[in-house]
Structures are given as C-alpha cells and as structure tokens.
Trainee: 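First the structure, then my questions, so here it is.
Reminder, nothing fancy here: chain letters follow the sequence lines and each chain counts from 1.
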Protein chains: 4
Amino acid sequence: MGDAVRTRRLPRGVRERQMVDAAVRCFARQGYQAASMDEIAELAGVSKPLVYLYLGSKEELFTACIRREAGALLGAVAAGVEGAADLPPDERLWAGLLAFFTYAAEHPDAWLVLSPRTQGEPFAGELARMRDEVVGFVAGLIGEAAGEGGGVVTGRDVDALAQALAGSAESLATWANETPGVTAKEAAATLMNFAWAGLGNLMKSERWSPR
Amino acid sequence: MGDAVRTRRLPRGVRERQMVDAAVRCFARQGYQAASMDEIAELAGVSKPLVYLYLGSKEELFTACIRREAGALLGAVAAGVEGAADLPPDERLWAGLLAFFTYAAEHPDAWLVLSPRTQGEPFAGELARMRDEVVGFVAGLIGEAAGEGGGVVTGRDVDALAQALAGSAESLATWANETPGVTAKEAAATLMNFAWAGLGNLMKSERWSPR
Amino acid sequence: MGDAVRTRRLPRGVRERQMVDAAVRCFARQGYQAASMDEIAELAGVSKPLVYLYLGSKEELFTACIRREAGALLGAVAAGVEGAADLPPDERLWAGLLAFFTYAAEHPDAWLVLSPRTQGEPFAGELARMRDEVVGFVAGLIGEAAGEGGGVVTGRDVDALAQALAGSAESLATWANETPGVTAKEAAATLMNFAWAGLGNLMKSERWSPR
Amino acid sequence: MGDAVRTRRLPRGVRERQMVDAAVRCFARQGYQAASMDEIAELAGVSKPLVYLYLGSKEELFTACIRREAGALLGAVAAGVEGAADLPPDERLWAGLLAFFTYAAEHPDAWLVLSPRTQGEPFAGELARMRDEVVGFVAGLIGEAAGEGGGVVTGRDVDALAQALAGSAESLATWANETPGVTAKEAAATLMNFAWAGLGNLMKSERWSPR
DNA sequence: TATGAATGAGAGTTCATTCAT
DNA sequence: CATGAATGAACTCTCATTCAT
C-alpha cells in the first residue's frame with residue numbers, strides 16, 4: 001500500500017523529535033501565527049491528533065521548539081566560552097561570539113525561530129525568558145571583564161551593554177545568514193571589532209584581531 | 001448615549017489618521033496576525049467597512065502604519081544629524097542616536113510596530129525595506145567617518161558595522177522602553193560608549209562623553 | 001477643477017437614461033448578483049445616492065433595465081411583423097425573425113440582459129413575464145398559421161411549439177453574437193429553415209410519430 | 001435530540017454525495033451567487049468547514065455539481081442513442097430526445113443547475129464547456145443524418161442547427177418541467193415534430209429561402 | 001439637484017481542536 | 001499507537017443602503 005512507511009509505529013521519543021523538527025521548520029519560515037498545525041503534522045508525516053497527543057497544543061509545541069533550540073544554542077556558546085576559561089576576557093568573548101555565529105549559520109531555521117521579537121504572540125514570555133537568559137549570560141561575561149579591568153561600570157550599565165551586544169549579535173547573525181558569502185568567522189570578527197575596539201578606534205585602523 | 005461623538009461626520013483625512021492611530025496601537029500590542037480589523041475599527045470609533053473603504057485591506061493598513069511611523073522616525077533622526085552637520089563624526093553620531101532614542105521613548109507603540117523582525121508576514125518586504133533604509137543611512141554615516149578618519153574599512157565592513165549598530169540600537173531602545181527609569185539620554189550615552197569607544201576601552205574607564 | 005462635467009445638473013430624464021445605460025452594461029457583463037451599485041454609479045458618472053434617489057433599489061433598477069430593453073426588442077419584432085401584415089404566414093415569421101436577430105446583433109448588451117434564465121434572482125418573475133409575452137406573441141403567429149393551414153394543432157401544441165421556437169431563437173442569437181462572422185440575416189435564415197420547413201409540414205398534418 | 005443522526009461519522013464518499021446533493025438543490029433554486037455555503041452545509045447536515053475540507057471552495061463545489069449532473073445527463077442521452085444504433089437517423093434522434101426529456105423530468109434540480117446561461121459567473125467557462133459538449137454531440141448526429149440524406153449542409157450550418165436544436169430542447173424541457181401535466185414523451189414528440197419534419201426537408205435540399 | 005460619510009448584515013474561508021474508532 | 005471525521009469560533013472582506021448636508 002505504500003503506507004508502510006507512514007504507518008510504522010515508532011517510539012514516542014522519535015516521533016516527538018520528528019514533530020518538533022517539522023515545527024521548527026514551519027515556524028521559522030512562516031512565523032507562529034501563519035504556520036498551521038495541518039502543515040506541521042503533514043511535514044512530520046503524522047496525523048494531527050498525534051501532534052496534539054504528544055505536544056498538547058500549538059502554543060506548547062512552539063514553546064517546546066524554543067526551549068529545545070535555545071538550549072542547544074546556549075549550550076554551544078557556553079561550551080565555547082568554557083574552552084577559553086583560562087584566557088583573558090577578550091578571548092573568552094571571542095570564543096563565545098564565534099560559537100554563536102557558527103551555530104546560527106549551521107542551524108538557520110533554529111536561529112529564525114529564536115530571533116524574532118514576536119511581541120503579541122501568546123508566548124512573548126517564553127521567548128523573552130530565553131533571550132533574557134542569554135543576555136544574562138553575556139552580562140556575566142561583561143561584568144567579570146569589568147571587574148578584572150577595574151573600570152567603573154554600574155550594574156545597570158552592564159545590563160544595557162549586554163542588551164547592546166546581544167542586539168548587535170542578533171542583527172549581524174540574521175544579516176550574515178541572508179547575505180551570501182559571509183562566513184560565521186567574518187561576522188564574529190566584525191562584531192568583535194565593533195564591540196571590543198569600538199568604532200572610534202576602528203576609524204584609526206587600530207583593529208583588534210583574533211588569535 | 002454619547003453616540004453624538006461617534007456619529008459626527010468627519011472629513012476623510014481626520015478619520016484616516018484616527019484609524020492609523022488605532023492600527024498602530026493594535027499592531028504594536030498584538031502583532032500583525034493577532035490584531036483583528038474588528039478591534040482596530042472599534043478602537044478607532046468607526047465601523048469596519050469604513051476602514052476598508054479608506055485603507056483598503058489589512059495588509060495595506062499595516063503598510064500605511066509602517067510608512068507613516070518609519071517616515072517620522074527617520075525624519076527625527078535625520079533632523080538630529082542635520083543639526084550637527086558641522087561637527088565631527090562622533091558628535092553627529094551622538095546627535096542621531098539621541099534623536100533616535102528620544103523618538104522611540106516618546107512613541108513606544110510606533111517603535112513596537114517598527115522593531116519586530118516579523119518573518120513570514122506578507123509584508124516582510126515592506127518592513128525590511130524600511131529597516132534597510134535606516135541601515136543604509138547609518139552605513140552612510142559610518143562610511144563618512146571612516147573616510148575622514150583615514151581608517152581602512154571595506155564596503156562590506158561598513159554594511160556589517162551598520163547592521164551591528166542598528167541591532168544594538170534596536171535592542172537597547174526596546175530594553176529602555178521596558179525598563180522603568182531608563183531615560184533616552186542614558187540609553188543613547190550607553191550605546192555611544194559601547195559603539196564608539198568599544199568595550200575594551202570601557203573596561204579601562206576611558207569613556208567617551210557627550211558635550 | 002475639471003469636475004464641471006460631472007457636476008452639471010442634468011434633467012432627470014437624461015440622468016435616468018445614463019444610469020440605465022450603465023446598468024445594462026454592467027448587468028450584461030457580470031450578471032445581476034455580481035454587478036455592484038458602486039460600479040454602475042461610477043460608470044454612469046453619478047454618485048450612488050443619486051441612483052437610489054432615481055431608481056429606488058438594485059432590484060428596481062434591474063427591472064427598469066429589463067422593461068426598457070424588452071420593450072424595445074418587442075417593438076422591433078412587432079414592427080417587422082407589422083410590415084409584412086399582408087403577406088403569407090411564412091413571410092410574416094421571416095420578417096419577425098429577421099427583426100429579432102437584427103436587434104440582438106445590434107444591441108448585444110441588451111440581449112445579454114434579457115437572455116439568461118436567471119432562476120433564483122429576486123425578479124425571476126419579471127424576466128419570465130417578459131419572455132412569456134414574447135412567447136405568447138410567437139404562439140399567436142403560429143396559431144394563425146395553423147388556422148390558415150387547416151392543420152390539426154391543439155392549444156398546448158401551439159404553446160410547446162412557441163417555446164421550442166423561442167428557445168432555438170435565443171440559443172442561435174447568443175451563438176451568433178459569440179461567433180465571429182455570423183450575420184443576423186444568416187442566423188435568421190438558418191432558423192427559418194429549421195423551423196419553417198418543419199412547421200410547413202406540420203401545417204399539412206404530415207406529422208412524424210414515434211414507434 | 002435527534003443529534004444521533006447528525007453525529008454519526010460517515011465515510012467520506014457518502015458525505016461528499018450528501019453535500020453535492022444539497023448543493024445541487026440550493027444552486028438550482030437560488031442560483032450560484034445567491035446560494036450560500038451556510039445553507040448548503042445545513043441542508044447537507046454537516047458543518048461548513050467539512051464542506052470546505054471535502055469540496056474545496058464554492059466554485060469547486062459548483063463545478064463538482066455541474067460535472068456530476070452533466071455527466072449523468074450526457075450518459076443517459078448517449079445510452080438512449082446507443083440503444084438505437086442500428087436504426088435510421090430519425091429513430092436515433094428520437095431515442096436521444098426521449099432520453100433527454102425523461103432525464104430532465106426526473107431530475108428537475110439537476111436540469112435547473114445545468115440549464116441557465118449564467119453569464120458573469122466565475123465558471124461561465126465550465127458550464128459553457130459542458131453545453132458545448134452536448135451541442136457537439138448533437139451536431140454529430142445531425143452531421144451524420146445530413147451525410148446519409150445526401151443533403152447539402154455546410155459545417156457551420158450544422159453548428160447552427162445544433163444550437164437551434166439544443167436551444168429548443170432546453171426551452172421545452174424547462175417549460176415541460178414548469179407546466180403541470182406535460183410528460184417527457186409528449187415534449188419529446190413535439191420537439192421531434194418541430195425539428196425533424198424540418199430537418200427531413202433540409203435533407204432533401206428543399207430549403208426555404210428569404211425574399 | 002447631488003453627494004461624501006458611514007454602516008448593518010452577511011458572505012466565503014481558515015484553523016486549532018476534539019471525538020470515536 | 002494512531003487516525004479519519006467533524007466542528008465552533010473567528011477572520012477578512014464586500015455590498016446594498018441611508019444619513020446629513
């Protein structure tokens with residue numbers, strides 16, 4: 001009947017992964033509201049009721065996508081920074097940025113799902129929470145560096161700087177994914193220059209460079 | 001019954017402005033897809049058909065919102081920069097940033113409508129085009145500064161830096177609007193430090209300061 | 001302002017004719033339901049309220065169209081037959097058919113409005129009544145001819161034959177209008193052959209019968 | 001509450017037939033534009049979304065109706081003619097006409113859906129195509145008869161005669177359905193007299209000619 | 001005489017979600 | 001474990017029609 005493939009009974013874990021995979025793709029390409037459960041189910045190769053049985057609702061499904069993808073991204077960045085634990089702050093930042101841009105480049109759909117500032121959606125909360133986690137992580141790095149550098153930076157300054165850094169990283173990652181020929185390393189280097197050395201210095205050709 | 005107000009026949013221009021005002025509010029708070037024409041019409045104090053008669057369709061209405069608000073924002077920034085036309089690049093950038101954050105703070109709904117990276121929406125194009133215009137404007141400033149400074153910056157570098165600057169500005173503006181007690185001037189100053197002086201220098205307490 | 005033309009106050013009769021003209025065109029090309037009062041008003045060069053003021057409602061407007069056009073068509077046919085009043089029945093029929101096809105060819109929009117068997121429309125009645133009038137007229141001709149020919153034809157036979165003749169005339173007229181290169185005279189001649197050569201035999205009581 | 005019947009889950013094929021049945025009734029009685037999907041769904045005893053799920057859209061639903069009914073009508077006529085394959089042309093025509101009028105009498109709604117010359121509707125095409133098929137079929141019969149009879153009839157003459165015959169048949173069928181006491185056989189016999197006695201002479205090249 | 005302003009009512013269509021099997 | 005069948009609710013959009021001037 002040819003249905004054999006679709007009819008096969010798979011263990012729950014596998015099915016769930018298929019579904020979330022499909023969902024990430026749909027959400028990434030059409031946005032939350034425009035993506036339809038029909039489409040996701042079809043792309044996953046299952047019936048709609050099964051999606052509901054396993055993932056609960058559209059909202060929960062989206063949350064699951066965000067959590068899975070944000071976790072992976074955060075993990076990649078954390079691992080990058082971890083690997084440079086003994087190096088000075090700038091090298092640690094570099095390692096983090098490189099990991100981030102690499103991940104975004106290699107998982108464009110995941111990045112699309114995570115990047116938008118979806119406002120009114122029912123889960124503004126979830127997405128914002130994930131982003132805050134990232135920003136907090138970045139703020140930690142900056143705070144550390146500030147401590148080591150002996151500069152005078154207040155707590156709110158650190159938050160604001162983290163927001164700025166995160167925003168520029170997001171913007172650049174999206175731009176890099178959309179612009180052909182831009183590698184993750186280049187994007188990371190540009191940002192490193194921008195963020196670490198500052199535009200004022202760049203103008204004077206005093207560039208910071210990796211390695 | 002208070003209907004007196006609602007029944008009055010106003011000239012087209014006035015009604016249109018009311019409608020776009022209402023639309024900006026709804027789109028800002030709920031996003032394009034989630035906002036409903038019913039709601040917008042009600043908030044504007046008119047019937048739905050009138051909205052269609054004047055603005056055409058949901059998509060056209062959204063486009064009208066974007067265009068109006070983007071135009072105003074761009075105008076404010078351009079005016080700010082214009083006012084510092086004779087000053088050095090850093091002062092011009094500062095003037096632009098200050099105008100930007102001020103506008104975003106004073107028109108939070110307008111900023112919300114403009115900021116999201118709505119992906120799958122039918123007008124990704126329109127929104128992206130407006131953003132590109134802004135980024136292009138910023139790139140122009142950076143390019144100029146680069147020329148004056150004599151530094152070596154390629155064209156794509158300029159684009160990337162503009163993306164980074166725009167992204168950090170967007171991120172900070174949203175954060176500033178959401179965080180109580182943060183003024184536009186503070187946000188602008190933080191970004192100026194971040195962008196112009198660079199994190200590396202900040203750590204050494206070498207801060208750039210306005211005036 | 002250039003509005004001069006449109007603003008000029010015309011006498012009621014003229015305006016009404018403009019409106020019915022426009023209505024006939026719209027109804028002919030799009031059908032009753034699909035035609036919109038907006039469109040008709042615009043085509044007539046007046047505002048919608050004026051159409052309502054003069055013609056009452058969409059239904060009444062359509063009725064006015066039907067009445068005017070059906071009257072004209074009937075008049076043309078009657079005049080044709082009248083002109084052959086002293087000739088034998090076949091010549092009278094020929095004169096009527098020729099007048100009919102000529103009118104249909106020269107007023108295609110009028111013919112389109114009159115021809116369709118619009119069923120569920122609110123004025124099925126009006127249209128059917130006009131058609132019945134025509135069919136009755138035809139039945140009269142056939143009845144006369146039958147009387148003169150001395151054949152045996154019952155009243156219901158006459159009705160049925162009139163229906164058949166009317167149906168074939170309608171069908172041919174529409175076909176002739178849609179088929180390039182077919183003149184009214186040709187169409188009339190074909191129908192005359194089809195109908196009269198047959199009717200001629202009927203008059204002589206030489207009936208074809210089943211089994 | 002009687003919901004038992006309505007709640008039962010029927011296989012798709014059955015439901016689809018119910019829906020098309022209901023649609024034929026509604027379209028027949030009110031015309032395409034005036035019929036509403038709500039009404040059709042209710043008459044079919046299902047919810048509107050199910051109609052859309054199975055039949056796609058109002059237009060597709062109408063097309064489905066036309067196709068089904070036209071197919072059945074054509075089949076009935078073809079079968080009738082087939083059964084008289086070995087008989088002379090007049091008997092073949094008689095068989096076809098009898099089958100046609102019988103079908104129209106037994107399926108009045110189907111006949112109503114097929115008969116109107118709906119003009120501006122989006123599917124003028126579909127309906128016209130079905131009619132052309134019928135007319136072509138008729139033209140074939142006439143052409144054959146003309147060939148056998150040795151008469152002089154051009155190709156366009158055949159087309160025109162087919163149009164005339166089809167038109168008279170349509171007109172008579174509608175009249176017969178509306179007039180109490182008229183049987184299909186009577187209507188067919190009347191048309192046979194009208195058409196064949198005429199055609200019979202045409203076959204002998206005894207043409208009536210104007211002037 | 002003529003119109004710009006405004007609307008009530010209803011159309012087609014879609015979608016997340018749930019039974020019954 | 002898995003699904004075909006089915007729906008309530010909501011949305012965008014259109015249209016005939018009427019005030020107020």
Trainee: For Arg12(B), what residues pass the salt bridge (charged side-chain N to carboxylate O under 4.0 Å, His left out) criterion, not counting sequence neighbours?
Mentor: Glu16(B)
Trainee: Calculate the interatomic distance between Glu60(C) atom CD and dA16(F) atom P; express it in whole Å.
Mentor: 14 Å
Trainee: Can you check nucleotides 10-13 of chain F for protein contacts, nitrogen or oxygen pairs under 3.5 Å, and list what you find?
Mentor:
residue, atom, partner, partner atom, Å
dT12(F), OP1, Ala35(B), O, 3.4
dT12(F), OP1, Lys58(B), NZ, 2.8
dT12(F), OP2, Met37(B), N, 3.1
dC13(F), OP2, Tyr52(B), OH, 3.1
dC13(F), OP2, Lys58(B), N, 2.9
dC13(F), N4, Lys48(B), NZ, 2.5

Trainee: Please round to the nearest 0.5 Å and tell me the distance separating atom CZ of Phe27(C) and atom CD1 of Ile40(C).
Mentor: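 Answer rounded to 0.5 Å: 4.0 Å.
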Trainee: Using a distance-only criterion (donor-acceptor N/O pair, under 3.5 Å, no hydrogens), is the base of dC19(E) paired with the side chain of Arg9(D)?
Mentor: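 Between dC19(E) and Arg9(D), which were checked side chain against base, a qualifying N/O pair under 3.5 Å is present.
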Trainee: Taking CG from Leu55(B) and P from dT14(F), how many angstroms apart are they, rounded to a whole number?
Mentor: 13 Å
Trainee: Return the minimal non-hydrogen interatomic distance between Gln33(A) and Ala34(B), and the atom names on each side.
Mentor: NE2-CB, 3.3 Å
Trainee: Go through the structure and list residues passing side chain to side chain donor-acceptor pair (under 3.5 Å) with Glu39(B), not counting sequence neighbours.
Mentor: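 Checked Glu39(B) against side chain to side chain donor-acceptor pair (under 3.5 Å); zero matches.
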Trainee: For Asp109(A), check salt bridge (charged side-chain N to carboxylate O under 4.0 Å, His left out) against everything at least two apart and list the hits.
Mentor: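 For Asp109(A) the salt bridge (charged side-chain N to carboxylate O under 4.0 Å, His left out) partners, ignoring immediate neighbours, are Arg29(A).
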Trainee: Separation of Glu42(D) atom CD from dT7(F) atom P, in whole Å?
Mentor: 12 Å
Trainee: Rounded to the Å, how far apart are Leu53(D) CG and dA5(F) P?
Mentor: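 Taking atom P of dA5(F) as the reference, CG of Leu53(D) is at 9 Å.
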Trainee: Side-chain atoms of residues 62-71 of chain B: list all donor-acceptor pairs with protein atoms under 3.5 Å, sequence neighbours left out, distances to 0.1 Å.
Mentor:
residue, atom, partner, partner atom, Å
Thr63(B), OG1, Glu59(B), O, 3.0
Arg67(B), NH1, Glu126(B), OE2, 2.8
Arg68(B), NH1, Asp21(B), OD1, 3.2
Arg68(B), NH2, Asp21(B), OD1, 2.7

Trainee: With sequence neighbours excluded, what pairs up with Leu43(A) under the side-chain contact (heavy atoms from CB on, under 4.5 Å) test?
Mentor: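 Only Ala22(A), Arg25(A), Cys26(A) meet the side-chain contact (heavy atoms from CB on, under 4.5 Å) criterion with Leu43(A).
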Trainee: Atom OH of Tyr54(C) to atom P of dT3(E): distance rounded to whole Å?
Mentor: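 Going from Tyr54(C) (OH) to dT3(E) (P), I get 9 Å.
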Trainee: What nucleotide, of dA2(F), dT7(F), dA5(E), holds the atom closest to the side chain of Pro49(D)?
Mentor: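 Nearest listed nucleotide: dT7(F).
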Trainee: To the nearest Å, give me how far apart CD (Glu16(C)) and P (dT1(E)) are.
Mentor: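 Rounded to whole Å, this separation is 11 Å.
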Trainee: side-chain contact (heavy atoms from CB on, under 4.5 Å) with Glu60(D): which residues, sequence neighbours excluded?
Mentor: Ser57(D)
Trainee: Would you say Arg15(D) places a side-chain N or O within less than 4.0 Å of OP1 or OP2 belonging to dA5(F)?
Mentor: no
Trainee: Let me know the distance between CG of Leu50(D) and P of dC15(E), rounded to the nearest Å.
Mentor: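 Answer to the nearest Å: 16 Å.
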Trainee: Considering residues at least two apart in sequence or located in another chain, which fulfil the salt bridge (charged side-chain N to carboxylate O under 4.0 Å, His left out) criterion with Lys48(B)?
Mentor: Asp38(B)
Trainee: Arg12(D) has an atom CZ; how far is it from atom P of dA20(E), in whole Å?
Mentor: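 These atoms are roughly 21 Å apart.
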Trainee: Can you give me the dot-bracket string for DNA chain F, 5' to 3', counting Watson-Crick and G-U wobble pairs with both distances under 3.5 Å, using [ ] for crossing pairs and | for partners on another strand?
Mentor: .||||||||||||||||||||
